[in-house]
Amino acid sequence: MPSNTRSKATGQNSDVTLLTDILAIKRTARNDPKRTACENPARKENHRPVNSAEIIEISSDEDEEPVAPKRPAVAASSKLRNLQDKIMQLEKENERIKKENEEMRKQQAVAADLEEQITCEVCSAKLWSPFILTCGHTFCQQDLENWFSTALRQHRNVYPHYNVNTIPVNVYGIFQQLPLPPYTCPKCRQSVRSKPIQNFAVKGLVRAVAGQSGETSPKKPADATNVWGQFFPAQ
Ligand SMILES: [Zn+2]
Ligand SMILES: [Zn+2]
């Protein structure tokens with residue numbers, strides 16, 4: 001019978017294909033230690049017939065498996081390189097910040113030193129009108145005026161006839177040169193025998209530094225050319 005023969009032949013072909021697939025799966029399973037180890041023992045006992053859909057699915061997994069372990073390794077290597085690059089960048093950034101901080105610290109030290117140089121040691125204000133004494137110390141004009149005024153007043157308590165530019169006559173009608181008031185430096189107490197001199201270097205520095213912050217001289221002191229004449233005789 002042609003139909004029976006065809007049907008039988010088709011059935012035999014199907015059986016041969018199924019058997020071939022099963023053998024292929026078993027071979028693969030034997031050769032794959034991982035798969036054998038992971039195999040569920042419960043499934044071993046359950047010898048149900050294998051259906052073709054399962055065979056195809058498992059075979060598909062087997063084909064991809066050799067590639068799978070390589071991908072995480074490549075990704076991890078790439079991540080490691082990225083992290084190493086980032087660490088290097090952060091180290092460079094850290095070095096740059098360290099140098100900037102060191103530079104800033106130096107500038108702050110210079111600024112603090114400069115601020116000290118332009119600050120009056122008597123009134124702690126900026127030396128807007130600085131005058132230098134023979135000892136080398138510099139003070140505000142106003143501070144020196146006050147300091148010398150005190151010395152002059154005390155001197156006149158002892159020598160009531162003292163006048164800076166005249167030589168008084170004594171009780172015997174003789175001109176008597178009286179001693180100068182004992183003017184001294186407010187800091188080192190060295191004797192001051194001549195007029196203070198305007199310190200132009202400090203004056204310019206004060207204006208340059210103050211100008212950076214928009215600060216201006218608070219008030220203009222009295223004309224210095226006439227101020228010292230009340231304390232020191234004309235040369
Ligand atoms: Zn001062
Ligand atoms: Zn001094």
Side-chain angles (χ1 to χ4, degrees), residues 96-235:
R96 189 183 62 76
I97 291 170
K98 267 187 191 174
K99 281 181 185 172
E100 278 183 7
N101 283 345
E102 181 61 19
E103 193 58 36
M104 197 179 292
R105 194 192 59 74
K106 283 180 186 171
Q107 286 178 0
Q108 282 173 345
V110 169
D113 190 44
L114 187 63
E115 191 71 27
E116 194 181 317
Q117 296 299 317
I118 62 169
T119 300
C120 175
E121 291 184 64
V122 173
C123 67
S124 300
K126 279 191 175 69
L127 288 157
W128 291 102
S129 183
F131 278 80
I132 188 167
L133 304 176
T134 46
C135 61
H137 288 122
T138 298
F139 304 94
C140 298
Q141 177 184 324
Q142 190 59 57
D143 294 332
L144 286 177
E145 278 184 56
N146 296 340
W147 180 248
F148 293 154
S149 292
T150 303
L152 180 61
R153 195 166 53 249
Q154 289 171 348
H155 189 68
R156 279 186 176 144
N157 288 338
V158 181
Y159 302 98
H161 303 291
Y162 174 80
N163 185 296
V164 68
N165 285 318
T166 59
I167 299 172
V169 178
N170 65 14
V171 290
Y172 306 108
I174 301 169
F175 288 106
Q176 185 184 16
Q177 180 70 58
L178 297 175
L180 278 175
Y183 301 125
T184 58
C185 166
K187 187 176 183 184
C188 70
R189 305 293 166 155
Q190 187 175 309
S191 177
V192 179
R193 312 296 294 175
S194 57
K195 294 176 183 176
I197 298 166
Q198 190 157 202
N199 192 333
F200 289 105
V202 172
K203 191 176 180 178
L205 203 57
V206 168
R207 277 151 184 77
V209 172
Q212 294 293 318
S213 55
E215 197 180 350
T216 53
S217 176
K219 62 172 184 176
K220 198 172 178 180
D223 184 3
T225 51
N226 298 323
V227 164
W228 309 120
Q230 62 182 307
F231 305 109
F232 299 90
Q235 298 296 324

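Keep in mind that the numbers below use all heavy atoms, side chains included, and drop hydrogens, waters and symmetry copies. All ligand and atom numbering here is 1-based and tracks the order in the structure.
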**Prompt:** Is there side-chain contact between F231 and L180, with at least one heavy-atom pair below 4.5 Å?
**Reply:** no

**Prompt:** Between E102 and R105, is there a salt bridge with N-O shorter than 4.0 Å?
**Reply:** yes

**Prompt:** Mind checking whether F232 and P196 have side chains closer than 4.5 Å, heavy atoms only?
**Reply:** yes

**Asked** Hey, is the Zn ion (ligand 1) within less than 2.8 Å of some N/O/S atom on D143?
**Response** yes

**Asked** Do other residues, nucleotides or ligands put more than 12 heavy atoms under 6.0 Å from E116 CD?
**Response** no

**Item:** Evaluation steps, side chain to side chain contact (heavy atoms under 4.5 Å, CB included), between H155 and Y183
**Value:** CA-CA 10 Å; H155 189 68; Y183 301 125; over 6 Å; no

**Asked** R156 side chain to N163 main-chain N or O, any donor-acceptor pair under 3.5 Å?
**Response** no

**Complete:** So the angle subtended at the Zn ion (ligand 1) by C140 atom SG and C120 atom SG, rounded to 10 degrees, is 110°

**Asked** Hey, is CG on L114 packed in by over 12 heavy atoms from elsewhere, all under 6.0 Å?
**Response** yes

**Complete:** For the Zn ion (ligand 2), protein N, O or S atoms at a distance below 2.8 Å amount to 4

